[in-house]
Amino acid sequence: MDRIDPSALDSDLEWQHDRKAIDAPMEAAMQTKYRNCSLVIIASALLASCGITNTEGQNDRYEIGNIPENVVAMAAPDQDLSTARLLSEDDCYWYMHAGPVETTLVPLRATGGRPICVVQPPVS
């Protein structure tokens with residue numbers, strides 16, 4: 001049976017101990033990095049879920065081309081009703097006018113020239 005030199009074992013243990021001391025700061029930095037990445041991923045998921053909006057019911061009235069028949073009857077000719085929409089900012093109908101230089105939103109107007117807007121019932 002071979003005898004093991006105890007001094008060789010001690011140097012091997014010292015080397016492993018020194019390696020752990022060297023790797024400790026790197027391991028802590030890696031843990032911090034992964035923790036920060038995890039927080040970013042969780043925060044992104046939470047923010048993304050906040051951006052989901054309800055597209056049913058009351059919001060249907062703001063969709064492009066969703067124009068009531070009485071508004072179609074009031075609208076002056078030569079306006080693109082397929083692009084018309086009700087804007088929530090002012091509760092007026094707007095449509096996309098394709099001009100020679102640019103395409104822009106303009107108010108949908110009645111035959112008399114007035115903008116067509118929704119009258120909100122008073123809140124009681």
Side-chain angles (χ1 to χ4, degrees):
M1 187 171 225
D2 293 333
R3 295 190 74 155
I4 299 175
D5 183 17
S7 63
L9 286 176
D10 287 341
S11 66
D12 189 38
L13 290 174
E14 285 176 22
W15 179 81
Q16 288 181 357
H17 184 272
D18 289 343
R19 182 171 171 94
K20 286 181 183 178
I22 292 170
D23 289 343
M26 182 185 294
E27 187 174 324
M30 295 280 287
Q31 287 176 350
T32 302
K33 179 181 176 181
Y34 289 128
R35 186 178 313 122
N36 289 343
C37 288
S38 299
L39 291 175
V40 168
I41 291 170
I42 291 169
S44 298
L46 289 173
L47 287 174
S49 67
C50 292
I52 298 171
T53 58
N54 181 11
T55 58
E56 297 177 9
Q58 190 72 349
N59 290 337
D60 287 346
R61 62 191 271 191
Y62 298 110
E63 288 184 10
I64 297 172
N66 192 9
I67 309 294
E69 289 299 319
N70 59 344
V71 173
V72 172
M74 290 174 26
D78 299 325
Q79 300 179 103
D80 187 2
L81 298 180
S82 68
T83 63
R85 72 212 59 189
L86 180 65
L87 292 183
S88 60
E89 293 86 7
D90 61 0
D91 277 332
C92 291
Y93 287 94
W94 295 70
Y95 75 99
M96 293 299 290
H97 173 72
V101 177
E102 66 182 357
T103 301
T104 186
L105 274 176
V106 294
L108 186 64
R109 300 200 177 267
T111 52
R114 293 184 143 190
I116 303 173
C117 298
V118 174
V119 177
Q120 296 293 332
V123 178
S124 47

Can you tell me how far [atom2] of [Y] sits from [atom1] of [X], rounded to the nearest 0.5 angstrom?
X      : Y      : atom1 : atom2 : result
Arg114 : Arg109 : CZ    : CZ    : 10.5 Å
Tyr93  : Asn66  : OH    : CG    : 7.5 Å
Met74  : Leu108 : CE    : CG    : 8.5 Å
Thr103 : Met96  : OG1   : CE    : 5.5 Å
Tyr95  : Thr104 : OH    : OG1   : 10.0 Å

Name of the residue among Leu105, Ile116, Leu86 meeting side chain to side chain contact (heavy atoms under 4.5 Å, CB included) with Trp94 | Leu105

Looking only at non-hydrogen atoms, find the nearest pair between Ile67 and Ala84 and report the distance.
->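 Distance-wise, the nearest heavy atoms are CD1-CB, 3.5 Å.
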
For residues Ala76 and Ala110, report the shortest heavy-atom separation together with the two atoms involved.
->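 It is CB-O, 3.6 Å.
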
Gln79 vs Val106 side-chain heavy atoms within contact, under 4.5 Å | no

